[in-house]
Structure formats: C-alpha cells, structure tokens
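Input: a single structure, listed below in structure tokens.
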Amino acid sequence: MLQNSLPPEQLQSIASQFSGTGTVTSVSPFGSGNINDTFLVNVAGGKFQRFVLQRINTQVFRQPHLVMQNMRAFSEHVQSNNGLHPTRRWEVPEVLSAQDGSDSYIENELFWRSISFIEGSQTFDTVQSLEHAREAGFGLGLFHRSVADLSTDKMADTLPGFHITPNYLQEFLTAQETKIIPKSPEVTHCLKFIADRQEWATVLEDAKAAGKLPLRTIHGDPKINNFLIDNTTNHCISLIDLDTVKPGLVHYDIGDCLRSGCNPLGEETADWQAVHFEPELGQAMLQGYLESASAFLIDRDYDYIYDCMRLIAFELGIRFFTDYLNGSVYFKTQYPEHNLSRALVQFRLAESIESQENTINKIIQDVR
Ligand code: GN1
Ligand code: MG
C-alpha cells in the first residue's frame, strides 16, 4: 500500500542512506512480495551498481530490529562456514549499513533496510523445468546445511506463531465466529475444506511437542521465487528473503518449497480448478534436496515429508482464507477477492497432494 504513496524524491533520499559514496540514480518497485515493500535502487559511482531497499511491514514484524539481528547472525555464520560445497557458487545477501553505521534507517516511523543485489542471476514466479525444481531443492538443502550448526538459541523468534498450523486454525475459527461470512459457492467450499481436515492440522506440532522432530534454524519462506538461478550455469546460487530465518522445523521449509515449486500454474493463478501437484517435479526437488541435506537429516525426518507437503499447502490456504474473512489486512492484495482466490489455489493443491498420497510416499521411499 505504501509502495506508491511515497514521492520519488523521498524514496530517493531514503535510498541514499544506504548508497555510501555513490549517488542514487533511480528507485523502482521490485519483486512480488506479499508483506514488505521492495525497491531496486540504481547507484552511480559507489561500491555497488545497485541494491535492494525494503520497507519492513512492522504490523507483521513487530520487532524489526530482531529481524536484522537474525540476518546478521545468519550472514556472519554462513560467511565463516567455508567448504559448504567444493565447486558451486553460493551467495549470501549482505546487509548494507546506513550512513550512521546501523542496519536500518527509520523515518516517520517507517523501518527501512537494504541488502546487496546478487548480480548475474534471476528468479521465477513459477517452476520452469525439472532441472529448476531440482536446483531449488538442492539450494534449500545447501541452505539447511549452512545453518545446521547455527544454534537456535542465537536466533530470536521474530514472528511468533509462524507456521504453527493450530494457531492459524484458531485464528480462522475466531474470524468465522466474529466476521460476516460472504455467501458464495467458493466460500462454502473453503469452509468445508477446512472443517474436514481440522483434526489433522496438529500433525507437525504434535511431533515437535513429542520430541520426534527437532527445532532447527530454518528459512521460513523458501517459495520458488526466493531461489536465485545463475544466468549462465542455471545453478541455484542463493536463497534470498531472510526475514523469517529463525527457529522452526525443517518440515515447514520442505513443505513450503514443494507446495510452491510443484504447482506448475503457480500460487497466483486465477484458474484454481486446474491447479495440481506434479509428482515428477516433487521427485526432482526432493532428489536435489536430499543430495545436499541427507547428511544432517535424521530417520524420523523422512516420516513427515508427505505430511508437511500436504500441511503447508493447507496452512497457507487457511492463512489466505482467514485474511479474506478479516478484510485482507495481512497479505497485500490487488482486488477484493484476491485472498479467496489464493486460498482456493492452495486448497486445490492440498487436495491434489492427498489424492496422490501413495505415489508421493513411493517417491519419498525411493529417494531416501
Ligand atoms: C508471504 O511476503 P512474501 O511473499 O515473501 C508470507 C509467506 C507466504 C507467502 C505466500 C512473513 O511471503 O509465509 O508463504 O507470502 N510471509 C510472511 O506467497 O507471512
Ligand atoms: Mg518472505
């Protein structure tokens, strides 16, 4: 919402807080994030030709300084972690300092920060090929390996409740009780879809509480367009968007990566009825993931891979649908029914995963 409301001169002046000795030549909207406002800044005569400027949504990230603290802890840890891969290019976005040396710049209560732009690469909003899926999986595995020895004690919980499905379910139930529910066949479908699966929504949290799955440092948001693909080699060279790097289950990440990368139509499609989970992409992604991650996974981790794929799609559907009922106050939207449409996509995807349970479990067994 704020993206378009700041005059260009003001944006330019905020960007120059991070441009060091360089001169800001342009600032333009960048990417397709649902929470923060993101801009690409071009610079003349500085250390970088361009960098990424972001306004953190402090309605979502209530303690943005902790987000920056986690990002620093992460990048210091990974930069010092040599030997992640012998031959691959692997980049970690760098936090840029403001003119006063701090990690951020606050003006009129708006919280701004900047990170380096990783040159020679691009992102895609939808999966492009089996190779792309494999690379994203490989990248997620490398990322997890890079933080496998980053103690969760060092990481703040910057977004309490994030990926705790039972909490999202509770928020949905509250909205269902307190808001006016629009009447349409799509809404009825969503209400029934959630009601039919309520009991099972605790699957990962139960496993966590029972000590079956360990808490680790995770990415939190490894959707397909957060993987940077090298323009020349087509290798995944970075996993960006580090706001949600914090303690969690790797299953939140595996589930998010698969629900996002194995839906060829992508999460923004208007054709929700045609959405499906593509098992071949799932196989490629899991193969890539395990190639780089199997070294630190425990046996029990594999028992929850199918569940997490189904759950994170279901969970995101609940999150979108609840936000729709609440008047779209969390996710940015382009039109009034946008979050309803997104919810339908995720529920259809979860349904497609359910209908292929045997095939998917066979794939998990084969790649194990
Ligand atoms: C949000 O802002 P963005 O697009 O990076 C959300 C993720 C969702 C995603 C769905 C902090 O991420 O959890 O999976 O939208 N991030 C937060 O597109 O809620
Ligand atoms: Mg994100």
Side-chain angles (χ1 to χ4, degrees), residues 1-3 29-39 52 54-64 66-68 70-71 74 93 111 113 115 123-127 136 140 143 155-165 167-168 171-172 204 218-228 238-249 251-263 265-269 272 275 308-324 326 328-334 338-347 349-350:
M1 159 201 116
L2 269 151
Q3 197 145 292
F30 188 58
S32 48
N34 288 328
I35 310 286
N36 298 325
D37 290 346
T38 305
F39 304 87
V52 177
Q54 291 185 298
R55 184 188 72 84
I56 303 295
N57 180 336
T58 49
Q59 293 299 311
V60 171
F61 296 103
R62 300 263 171 186
Q63 291 177 284
L66 291 183
V67 172
M68 299 315 294
N70 278 1
M71 272 177 83
F74 164 80
F111 189 100
R113 66 100 195 275
I115 45 176
T123 62
F124 301 91
D125 281 333
T126 54
V127 65
L140 182 63
F143 181 94
M155 305 302 283
D157 187 356
T158 47
L159 198 51
F162 191 51
H163 288 309
I164 311 292
T165 315
N167 286 9
Y168 292 119
E171 283 167 21
F172 157 72
L204 287 186
I218 64 157
H219 181 274
D221 190 16
K223 58 178 176 179
I224 194 73
N225 61 8
N226 280 333
F227 292 94
L228 293 192
S238 187
L239 177 50
I240 57 169
D241 189 2
L242 305 175
D243 295 323
T244 48
V245 175
K246 69 186 197 78
L249 297 179
H251 295 77
Y252 304 155
D253 281 355
I254 300 170
D256 198 50
C257 189
L258 278 128
R259 68 110 199 127
S260 161
C262 304
N263 160 14
L265 293 181
E267 63 186 67
E268 289 294 330
T269 181
W272 65 272
V275 166
C308 76
M309 292 156 62
R310 180 183 171 206
L311 187 74
I312 300 298
F314 178 56
E315 175 191 277
L316 186 57
I318 297 177
R319 294 174 64 197
F320 283 140
F321 186 60
T322 305
D323 199 33
Y324 169 68
N326 286 336
S328 295
V329 290
Y330 186 95
F331 297 103
K332 287 183 194 172
T333 50
Q334 258 106 51
H338 198 164
N339 277 321
L340 174 61
S341 169
R342 288 166 168 160
L344 289 162
V345 169
Q346 294 304 315
F347 289 151
L349 190 62

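As the structure lists them, so they are numbered: ligands from 1, and atoms in each ligand from 1.
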Per-atom contacts of ligand 1 with D241, taking only distances under 4.0 Å to non-hydrogen atoms: 5 (O)
For atom 18 (O) of ligand 1, find the nearest protein heavy atom and state the residue, atom name and distance (0.1 Å precision). E267 OE2, 2.3 Å
Under 3.5 Å, is there a donor on one side chain and an acceptor on the other for S328 and N339? yes
Please report whether ligand 1 has a polar contact with R319, defined as an N or O pair separated by less than 3.5 Å (distance criterion only). yes
Filtering Y330, F320, F162 for the heavy atom nearest atom 19 (O) of ligand 1 leaves Y330
Can you confirm whether E267 sits close enough to F320 that some side-chain heavy atom of one is under 4.5 Å from a side-chain heavy atom of the other? yes
Side chain, backbone, both or neither: which applies to L159 and ligand 1 if a contact is any heavy-atom pair less than 4.0 Å apart? side chain
Name whichever N, O or S atom of D221 ends up nearest to the Mg ion (ligand 2). OD2
May I ask you to decide if N226's main-chain N or O and D241's side chain share a donor-acceptor pair within less than 3.5 Å? no
Quick check: N226 and ligand 1, any N/O pair under 3.5 Å apart? no
Under 4.0 angstrom from ligand 1, any heavy atom of R259? yes
D221, portion touching ligand 1 at heavy-atom distance under 4.0 Å: side chain
Does any N or O atom in N34 lie less than 3.5 angstrom from one in ligand 1, N or O only? yes
Would you call the rings of F143 and H219 parallel, tilted or perpendicular if under 30° counts as parallel and over 60° as perpendicular? perpendicular
Which residue and non-hydrogen atom of the protein lie closest to atom 1 (C) of ligand 1, and at what distance in Å? I35 CG1, 3.8 Å
So, do D243 and R113 sit near enough that their side-chain heavy atoms are less than 4.5 Å apart? yes
Return yes or no for this condition: an N or O of K223 is under 3.5 Å from an N or O of ligand 1. yes
Can you name the N/O/S atom of D241 that is nearest the Mg ion (ligand 2)? OD2
So, T38 and Q54: side-chain donor and acceptor under 3.5 Å apart, yes or no? yes
Taking it one step at a time, do N57 and N36 satisfy side chain to side chain donor-acceptor pair (under 3.5 Å)? CA-CA 5 Å; N57 180 336; N36 298 325; 5.6 Å; no
Is it true that a side-chain atom of N70 and a backbone atom of A156 form a donor plus acceptor pair closer than 3.5 Å? yes
Would you mind running through ligand 1 and noting each atom that sits below 4.0 Å from a heavy atom of F61? 11 (C)
Where do N34 and E268 come nearest, in terms of heavy atoms and distance? OD1-OE2, 4.5 Å
